[in-house]
Amino acid sequence: MPELPEVETVVRSLASKLVGHTILRVEIYTNRVVRGSRNAIIRNVAGRRIEAVERRGKFILLQLDRGVLAIHLGMTGKLLMDTAAGPHTRARLFLDDGELIYDDTRMFGKFEWGAALPAHIEKLGPEPLQISAAEFAARLHSRRGMVKPLLLNQNFLRGMGNIYVDESLFRARTHPRARAERISRKRALALHQAIVEVLTLAIEHRGSSVSDYVDTDGRKGSFQLLHQVYGKEGLPCPRCGTPIRKTVLAQRGTHYCPHCQRL
DNA sequence: ATCTATTCCTGGCTGC
DNA sequence: TGCAGCCAGGAATAGA
């Protein structure tokens, strides 16, 4: 599942390959991966030069000489450079010097064109790696409700998904059901630090390949080897040895150590 | 404002 | 070996 570190890895790779090049033509084979108008994408992207490739939360932004193409990878989206189309190829971008293939088995991903950054992307919460610890703590304390759903909420903080939320909460010794407004300032600062550490380390490892995530060259990440709780149900907690517990919270599989992460 | 449940989707896994 | 049923979850949506 592509979350912030996986998308960052893809964006860095795309930036080195796409910036300065022109998109000659776009083909989209299924409307399910389109947000807004498919024709608007096809019409407005053709012939445009790619000025920059950026990440905003989990969105990939191709900044064009006119407008922006936003891509969200959903659960199984992959952007692959110069490979053959396959049964799950949903779109193709023909460039002046190559081809970008969009594969997406489950079709949760989205392509969207905008003359400017679409409002729903503009209004996302701050970047976890840019917000200061003090700002994070203040933001956390301004909300009520459980901390895990809050961290998953892209309008609160942009880029975190199920894996990195579970890993961050474990490192900060915070229970996923802890109420945001009742987390101590000290613990809030520790949570911010845990988030920064987990995301930074994951980016260094080019993301986690749990199911089928690969980068633009088809390479897997390796951060899954360093997961401490995600996917570790029943295995001993690396800190205290208590078996890791898995429950469902906010309709998401939730992994935590019942001894280290108390309510 | 917060919460819960539902929907989308398919490959991979489990159990019979 | 085959097959039914379940599971994974990002985000939009509806309803409480």
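None of these values were measured; they are calculated from a predicted model. Note on naming: letters A, B, ... go to the chains in the order of the sequence lines (proteins, then strands), and numbering restarts at 1 for each one. Basis for what follows: all heavy atoms, side chains included, without hydrogens, waters or symmetry-related copies.
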Can you work out whether A:His255 or A:His120 has the more 5'-proximal nearest nucleotide on DNA chain C?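 Upstream on the strand: A:His255.
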Nearest-Å distance, [atom1] ([X]) to [atom2] ([N])?
X: A:Lys232; N: C:dA8; atom1: NZ; atom2: P; result: 17 Å
X: A:Lys58; N: C:dA12; atom1: NZ; atom2: P; result: 10 Å
X: A:Glu6; N: C:dG10; atom1: CD; atom2: C1'; result: 13 Å
X: A:Leu4; N: C:dG10; atom1: CG; atom2: C1'; result: 14 Å

Go through residues 146-171 of chain A and report each residue with a non-hydrogen atom lying under 4.0 Å from DNA chain C, sorted by number. A:Gln154, A:Asn162
The criterion is side chain to side chain donor-acceptor pair (under 3.5 Å); which residues satisfy it with A:Thr105, sequence neighbours excluded? none
Under 4.0 angstrom, heavy atoms only, what part of the nucleic acid is [X] near: base, sugar-phosphate, or nothing?
X: A:Met75; value: base
X: A:Gly253; value: sugar-phosphate
X: A:Tyr230; value: sugar-phosphate
X: A:Lys110; value: nothing

For the helix from B:dT2-C:dA16 to B:dC16-C:dG2, what angle separates the axis at the start from the axis at the finish, each from five pairs, in steps of 10°? 50°
[N] phosphate, OP1 or OP2: any side-chain N/O from [X] under 4.0 angstrom?
X: A:Arg35; N: C:dA12; value: yes
X: A:Lys246; N: C:dC7; value: no
X: A:His72; N: C:dG10; value: no

Strictly by ring-ring contact (aromatic ring centres under 6.0 Å, His included), give each pair with a member in residues 123-146 of chain A just once, sequence neighbours left out.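 Listed once each, the pairs are A:Phe136-A:His192.
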With heavy-atom distances below 4.5 Å as the criterion, would you say the side chains of A:His205 and A:Leu226 are in contact? yes
Test salt bridge (charged side-chain N to carboxylate O under 4.0 Å, His left out) on A:Glu8 and A:Arg12 and set out the steps. CA-CA 6 Å; A:Glu8 179 67 24; A:Arg12 288 180 184 182; 2.8 Å; yes
In the 5' to 3' direction, the nucleotides of DNA chain B bounding the stretch that comes under 4.0 Å of a heavy atom in chain A are B:dT2 to B:dG11
Are A:Arg92 and A:Tyr102 in a cation-pi contact, defined as NZ or CZ under 6.0 Å from the six-membered ring centre and within 45° of the axis? no
Is it true that the NZ or CZ of A:Arg262 lies under 6.0 Å from the centre of A:Tyr256's six-membered ring and within 45 degrees of the ring axis?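 No.
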Does a donor on one side chain sit under 3.5 Å from an acceptor on the other, for A:Thr9 and A:Asp215? no
Could you check whether A:Thr254 and A:Lys148, counting side-chain N and O atoms only, form a donor-acceptor pair closer than 3.5 Å?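 Yes, side-chain donor-acceptor contact under 3.5 Å.
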Any chance you could lay out the side-chain contact (heavy atoms from CB on, under 4.5 Å) test for A:Arg32 and A:Thr30, step after step, and finish with the verdict? CA-CA 5 Å; A:Arg32 199 162 288 290; A:Thr30 169; 3.6 Å; yes
Earlier contact from the 5' end, DNA chain B, for A:Gln251 and A:His88: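 Mapping each residue to its closest nucleotide by heavy atoms, the 5'-most match is A:Gln251.
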5′-ward residue of the pair A:Arg252/A:Ser142 relative to DNA chain B: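 The residue closer to the strand's 5' end, by nearest nucleotide, is A:Ser142.
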Carboxylate-amine/guanidinium proximity below 4.0 Å for A:Lys110 and A:Asp104: no
Does a side-chain N-to-carboxylate-O contact under 4.0 Å join A:Arg56 and A:Glu54? no
Using a side-chain heavy atom cutoff under 4.5 Å and only I, L, V, M, F, W and Y, what cluster partners does A:Leu61 have? A:Phe59, A:Val68, A:Leu117, A:Ile121, A:Leu124
